[in-house]
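Everything numeric in this text was worked out from a predicted model, so none of it was measured.
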Amino acid sequence: MDKFRMIFQFLQSNQESFVNGICGIMALASAHLYTAFDFNCPCLPGYNMSYGMGVLFVPPIVLFLLGFVMNNNVSMLAEEWKRPTGMRQKDAAVLRYMFCSMTQRALIAPAVWISVTLLHGKCFICAFSTSVPLDKLGNKTDLNLSEKEVKRILARLPCKGIYDGHEIIAQEVAERYLRCISQAVGWAFVLIMIFLAFLVRAIRPCFTQAAFLKSKYWSHYIDIESKLFDETCTEHAKSFAKMCIQQFFETINTDMAMGHSHMLEEKEKEQEENEKLFGITDQRTMNKALKNWHKCKPPLNLTKYEMHNGNGCLNGNHKLNNLNVPKREFVAYYSKV
């Protein structure tokens with residue numbers, strides 16, 4: 001159990017590396033999934049294009065959405081976007097940075113699927129089998145066939161067992177031609193994706209370095225603050241539950257005699273648990289504190305601020321994050337005469 005807890009803490013402390021590893025595993029899984037996929041082209045004029053394009057684009061959409069689902073920052077981004085302003089302003093640049101980071105990771109697996117599919121060529125051959133240029137690669141001058149019959153024959157190109165158009169065009173010639181185009185498109189897609197990744201990762205910080213560093217810092221802050229808040233709530237819930245259980249058993253076992261030293265130890269432990277509770281010792285107060293945290297998070301200013309209304313928010317007549325207002329002191333003199 002301790003080993004699993006250590007692994008979980010390591011993954012939490014290295015969440016970015018863990019998410020990158022998950023994206024890499026999903027990319028490899030998508031490539032392996034394609035090789036294990038049972039590709040069966042319908043070999044019908046009206047269905048080849050739909051089936052081929054569906055295999056090419058539908059699984060990447062699923063993998064893209066799965067990349068968002070596997071990312072824990074999605075809920076944090078939605079919470080930061082929809083939360084009330086309170087004493088902390090929302091920075092659109094930080095939200096854009098978080099969204100772009102998640103999108104970049106989620107695009108890895110779909111890009112691998114599309115690349116592998118195009119380089120393999122089966123999907124492209126199925127989709128464009130009826131578009132083979134017979135005037136360059138085949139011969140249909142000696143055959144009295146209508147355009148509809150020619151397309152019906154060409155639609156059977158991916159199916160070796162039922163193809164019967166060797167008089168029009170050799171099956172191997174047509175497959176080589178379509179596979180060549182598919183691989184060219186696949187390598188072009190890989191080159192474009194690498195070039196776009198280079199632009200995003202290398203060139204973007206050079207133009208807006210200050211804004212980039214600010215967005216990166218505060219996105220990390222939001223992530224760390226969320227983790228620390230969850231850890232603090234977990235510790236508080238643990239101490240709260242422990243105190244409730246101890247009080248329950250103390251009320252039942254009132255007749256049990258205890259030594260004086262043992263009572264002192266219990267009081268010291270109880271004092272430690274009370275310190276972890278931060279003075280919140282009932283359900284109503286805890287619910288109020290959680291509600292105030294959602295509605296009005298503390299300002300990003302560690303200096304002391306005045307006019308605090310006791311609920312985690314400033315009074316309504318004060319400006320947002322205006323926390324450096326000088327204090328006014330009033331002195332009253334009086335005489336006993």
Side-chain angles (χ1 to χ4, degrees), residues 23-68 103-104 106-197:
C23 293
I25 292 173
M26 287 181 62
L28 295 176
S30 65
H32 182 72
L33 183 64
Y34 175 79
T35 58
F37 178 70
D38 189 12
F39 186 85
N40 293 315
C41 185
C43 297
L44 295 173
Y47 298 93
N48 282 14
M49 177 65 73
S50 301
Y51 183 80
M53 292 296 100
V55 172
L56 182 62
F57 292 112
V58 172
I61 295 174
V62 176
L63 292 172
F64 179 73
L65 297 177
L66 187 61
F68 274 101
T103 304
Q104 291 171 20
L107 284 173
I108 295 176
V112 172
W113 176 275
I114 295 175
S115 302
V116 173
T117 304
L118 290 174
L119 293 175
H120 195 261
K122 277 188 177 182
C123 179
F124 195 88
I125 293 172
C126 178
F128 296 96
S129 59
T130 57
S131 302
V132 177
L134 296 179
D135 53 345
K136 296 180 180 179
L137 303 177
N139 181 20
K140 64 173 184 178
T141 56
D142 299 334
L143 301 175
N144 296 323
L145 297 175
S146 63
E147 191 69 21
K148 185 176 181 181
E149 291 177 347
V150 172
K151 285 189 175 182
R152 181 182 60 81
I153 294 173
L154 292 178
R156 297 178 179 178
L157 273 172
C159 306
K160 295 182 179 180
I162 62 175
Y163 179 66
D164 55 355
H166 297 281
E167 297 83 1
I168 300 176
I169 185 174
Q171 186 179 23
E172 186 176 355
V173 173
E175 286 186 354
R176 283 178 178 270
Y177 173 78
L178 294 175
R179 184 173 286 109
C180 178
I181 297 176
S182 177
Q183 291 178 352
V185 174
W187 284 116
F189 177 79
V190 172
L191 181 61
I192 291 172
M193 294 302 295
I194 293 175
F195 181 71
L196 291 177

- So Leu63 and Ile108, side chain to side chain contact (heavy atoms under 4.5 Å, CB included) or not? Walk me through it. CA-CA 9 Å; Leu63 292 172; Ile108 295 176; over 6 Å; no
- Message: Looking at every non-hydrogen atom in both residues, tell me the closest pair between Val132 and Leu157 and how far apart they are.
- Response: CG2-CD1, 3.9 Å
- Message: Tell me the closest heavy-atom pair linking Thr117 and Ser182, and the distance in Å.
- Response: O-OG, 4.4 Å
- Task: Could you check whether the rings of His166 and Tyr163 sit parallel, tilted or perpendicular, using 30° and 60° as the cut-offs?
- Result: perpendicular
- Item | From CA spacing to verdict: disulfide (SG to SG under 2.5 Å), Cys41, Cys126 | CA-CA 6 Å; Cys41 185; Cys126 178; 2.0 Å; yes
- How far does CG of Leu191 sit from CG of Leu196, to the nearest 0.5 angstrom? 9.5 Å
- Heavy-atom pair with the smallest gap, counting every atom of Ile162 and Arg156: O-CD, 3.6 Å
- Query: Heavy-atom distance under 4.5 Å between the side chains of Leu44 and Tyr51, does that happen here?
  - Reply: no
- Query: Atom NZ of Lys136 and atom CD1 of Ile169: how far apart are they, to the nearest 0.5 Å?
  - Reply: 12.0 Å
- Report the C-alpha distance between Leu134 and Leu154 in whole Å, list the side-chain angles of each, state the deciding distance to 0.1 Å, and finish with yes or no for side chain to side chain contact (heavy atoms under 4.5 Å, CB included). CA-CA 10 Å; Leu134 296 179; Leu154 292 178; 4.0 Å; yes
- Below 4.5 Å, heavy atoms only, C-beta onward: do Pro110 and Phe57 meet side chain to side chain? no
- Task: List the atom of Val190, the atom of Ser115, and the distance in Å for their closest heavy-atom pair.
- Result: CG2-OG, 3.5 Å
- Would you give the length of the straight line joining atom CE of Met49 to atom CZ of Phe128, rounded to the nearest 0.5 angstrom? 4.0 Å
- Query: Looking only at heavy atoms, which two atoms of Pro158 and Glu175 are closest? And how far apart?
  - Reply: CA-OE2, 4.4 Å
- Message: How about CZ on Phe68, more than 12 heavy atoms from neighbouring residues, nucleotides or ligands closer than 6.0 Å, or not?
- Response: yes
- Query: Picking from Pro59, Cys123, Pro60, what satisfies side-chain contact (heavy atoms from CB on, under 4.5 Å) with Ile114?
  - Reply: Pro60
- Note on the structure: Closest non-hydrogen atoms of Asn48 and Cys43, given as atom of the first, atom of the second and distance, are OD1-N, 2.9 Å
- Task: Calculate, to the nearest 0.5 Å, the distance between atoms CH2 and CD1 belonging to Trp113 and Ile61 respectively.
- Result: 12.5 Å
- Item | Heavy-atom side-chain proximity of Phe124 to Gln183 below 4.5 angstrom | no
- Leu178 CG to Lys122 NZ distance, which is reported to the nearest 0.5 Å: 14.5 Å
- Query: Side chains of Leu56 and Leu118: does their closest heavy-atom pair fall under 4.5 Å?
  - Reply: yes
- Task: Hey, could you give me the CD/CG distance between Gln171 and Asp164, rounded to the nearest 0.5 Å?
- Result: 10.5 Å
- Item | salt bridge (Lys or Arg N to Asp or Glu O under 4.0 Å) between Glu172 and Arg176, intermediate numbers included | CA-CA 6 Å; Glu172 186 176 355; Arg176 283 178 178 270; 3.2 Å; yes
